[in-house]
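Every value quoted in this text rests on a predicted model; they were computed, and no experiment measured them. Positions are given from 1, in the same order as the sequence printed here.
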Amino acid sequence: MDSKPTRNLALELARVTEAAALAAGRHVGRGDKEAADKAAVDAMRLVMNTIQMDGVIVIGEGEKDEAPMLYNGEHLGTGEAPAVDIAVDPIDGTRATANGLSNGISTVALAPRGAMFNPGPFVYMHKIAVGPVARDAIDIQRSIGENLRRIAAAMDEDVQDLTVAVLDRERHKGLIQEIRQEGARIRLIPDGDVASAIMTALPGTGIDVLLGVGGTPEGVLAACALRAMGGNIQGKLFPRNETELRKGLEMGYDVDHVLTMDDLVSSEDVFFAATGVTSGDLLKGVDYFSAGAYTSSIVMRGLTGTVRRIESTHRLSKLARISSIPY
């Protein structure tokens, strides 16, 4: 083919998540998740505005009047083409970061304008996510047991060989019991299910399936990554209360509709990046040394299916000369 390749925005997004992770890294274990989140947001916004794009946040942290953070509808970038939707989670795992626990990551994704699902008032969704081998085996409408058996068959394994990641929440008590009754193993995760969704599509991570109710924004971010990696995710909106349900119905949402990969992100032309804030199974956290810091990132491009791991060394004295962010 003679056509020139389009610009790989994933590599530019790595700078965004690295900056957010470096800023948040100073707050690890200090017990203040709001301060950690604000530091990540300020760094993310600063770097994102240097990228040549006309970006609008679809998945952010509330509406402008409700969140001083990266809010839904906020415009980012230089304002030039391409026109893109943005999903951000400056820290997926703010509690983990504040308490010095594992799997805190900074993450962002881009897709062509209009390609990302807007969850409206719905904060949570049921999810099931798997890697490429089992991508055609899942059906969120079926029982847990049937899904696990179909996944195991697709992977040429027994159900007892599977490891299922589940958020450690009271609402999952029944789900955990069902999984155990089927004989599968469980990895309980304290926070942040984006990393676990990604791990289902990476060989050697020990995670085969993600199940349970988690954040809808995180579901869209995970869909962008899994789209690039060839995995699959399905979801169903999970109203927290009658008020949220009524508002969603008034806006035209169907809570019985199965959200497929195409619903969550409808284009292959997606970009995804994540950088570790605290160390976990997917990424190493920010590691400071006398003159700087190390970061570990993963970046993906949907059109090519390329997944890169980036290990970076940052000289903080040099960053201090050109950046207003205290890394």
Between CG on residue Asn49 and CD1 on residue Ile51, distance to nearest 0.5 Å: 9.0 Å

Please, which pairs that meet salt bridge (charged side-chain N to carboxylate O under 4.0 Å, His left out) have at least one residue in residues 278-298, sequence neighbours excluded? Arg187-Asp281, Lys284-Glu311

Using a 3.5 Å distance criterion without hydrogens, assess whether the side chain of Asp254 forms a donor-acceptor pair with backbone atoms of Asp256. yes

Considering only heavy atoms from C-beta outward, does the side chain of Pro132 approach that of Met229 to under 4.5 Å? no

Compare all side-chain heavy atoms of Ser297 with those of Arg309 and state whether any distance is below 4.5 angstrom. no

Give the cluster check for Phe271 versus Leu70: same hydrophobic cluster or not, with ILVMFWY residues linked at side-chain heavy-atom distances below 4.5 Å. yes

Whichever hydrophobic residues join Ile179 through chains of side-chain contacts under 4.5 Å: Ile128, Val130, Val133, Ile138, Ile140, Ile144, Leu148, Ile151, Met155, Val159, Leu162, Val164, Val166, Leu175, Ile176, Ile186, Leu188, Val209, Leu211, Val258

Would you mind reporting whether Thr78 and Thr50 have side-chain heavy atoms less than 4.5 Å apart? no

Identify whether Met44 and Leu76 are in the same connected component of the hydrophobic contact network (ILVMFWY, side-chain heavy atoms under 4.5 Å). yes

Can you find a side-chain donor-acceptor pair between His27 and Thr97 that sits under 3.5 Å? no

When clusters are formed from ILVMFWY side-chain contacts under 4.5 Å, directly or step by step, what else is grouped with Tyr294? Phe289

Before you tell me yes or no, could you show the steps for Val265 and Val220 under side chain to side chain contact (heavy atoms under 4.5 Å, CB included), namely the whole-Å CA-CA distance, both residues' side-chain angles and the distance that decides it to 0.1 Å? CA-CA 7 Å; Val265 58; Val220 175; 5.5 Å; no

I'd like a table of donor-acceptor pairs (distance under 3.5 Å, sequence neighbours excluded) in which one partner is a side-chain atom from residues 112-126, with atom names and distances.
{"unit_1": "Arg113", "atom_1": "NE", "unit_2": "Val84", "atom_2": "O", "d": "3.4"}
{"unit_1": "Arg113", "atom_1": "NH2", "unit_2": "Asp54", "atom_2": "O", "d": "2.5"}
{"unit_1": "Arg113", "atom_1": "NH2", "unit_2": "Val84", "atom_2": "O", "d": "3.4"}
{"unit_1": "Asn118", "atom_1": "OD1", "unit_2": "Gly120", "atom_2": "N", "d": "2.9"}

Are the side chains of Val213 and Lys127 in contact, using a 4.5 Å heavy-atom criterion? no

Would you confirm whether Ser106, through its side chain, and Pro90, through its main-chain N or O, come within 3.5 Å as a donor-acceptor pair? yes

Could you check whether any side-chain heavy atom of Ser296 comes within less than 4.5 Å of a side-chain heavy atom of Thr275, counting everything from C-beta outward? no

Cluster membership besides Ile91, Ile/Leu/Val/Met/Phe/Trp/Tyr side chains within less than 4.5 angstrom, sorted by chain and number, is none

Run the side-chain hydrogen bond (donor to acceptor under 3.5 Å, both in side chains) check on Thr163 and Arg185 step by step: do they pass? CA-CA 5 Å; Thr163 298; Arg185 297 177 296 176; 3.2 Å; yes

Could you tell me whether a side-chain N or O of Asn232 sits under 3.5 Å from a main-chain N or O of Gly131, the two making a donor and an acceptor? no

Test your reading of the model: is there a side-chain donor-acceptor pair from Tyr327 to the backbone of Ala21, 3.5 Å cut-off? no

side-chain hydrogen bond (donor to acceptor under 3.5 Å, both in side chains) contacts touching residues 196-223 (sequence neighbours left out): none

Taken in chain and number order and not counting sequence neighbours, the residues that satisfy side-chain hydrogen bond (donor to acceptor under 3.5 Å, both in side chains) with Asp42 are Lys38

Once salt bridge (Lys or Arg N to Asp or Glu O under 4.0 Å) is applied, do any residues pair with Glu157, and if so which ones, sequence neighbours excluded? none

Which residue pairs pass the side-chain hydrogen bond (donor to acceptor under 3.5 Å, both in side chains) test with at least one member in residues 85-96, sequence neighbours excluded? Arg95-Asp191

Quick one: pull up CG in Leu237 and OH in Tyr253 and give me the separation to the nearest 0.5 Å. 8.0 Å

Give, for atom NE2 of His172 and atom CD of Gln177, the distance between the pair rounded to the nearest 0.5 Å. 14.5 Å

Cluster partners of Val28, using ILVMFWY side-chain heavy atoms under 4.5 angstrom, listed by chain and number? Val277

Within-4.5 Å side-chain heavy-atom neighbours: Cys224 and Arg227: no

Can you tell me how far apart CD1 (Ile310) and CZ (Arg15) are? Round to the nearest 0.5 Å. 11.5 Å

Any side-chain heavy-atom pair from Met53 and Glu12 closer than 4.5 angstrom? no

Determine whether Val58 and Ile86 make a side-chain contact, defined as any pair of heavy atoms from C-beta on separated by less than 4.5 Å. no

Write out all pairs satisfying ring-ring contact (aromatic ring centres under 6.0 Å, His included) with one or both partners inside residues 196-228, taking only residues at least two apart or from two chains. none

Between Glu146 (side chain) and Arg142 (backbone), is there a donor-acceptor pair under 3.5 Å? no

Apply salt bridge (Lys or Arg N to Asp or Glu O under 4.0 Å) to Arg246 and list each qualifying residue two or more places apart in sequence or on a separate chain. none

Cluster overlap Ile105 with Val108, hydrophobic side-chain contacts below 4.5 Å: no

CG of Leu13 to CG of Leu9, rounded to nearest 0.5 Å, is 6.5 Å

How many angstroms lie between CG in Leu316 and OG in Ser323, if you round to the nearest 0.5 Å? 10.5 Å

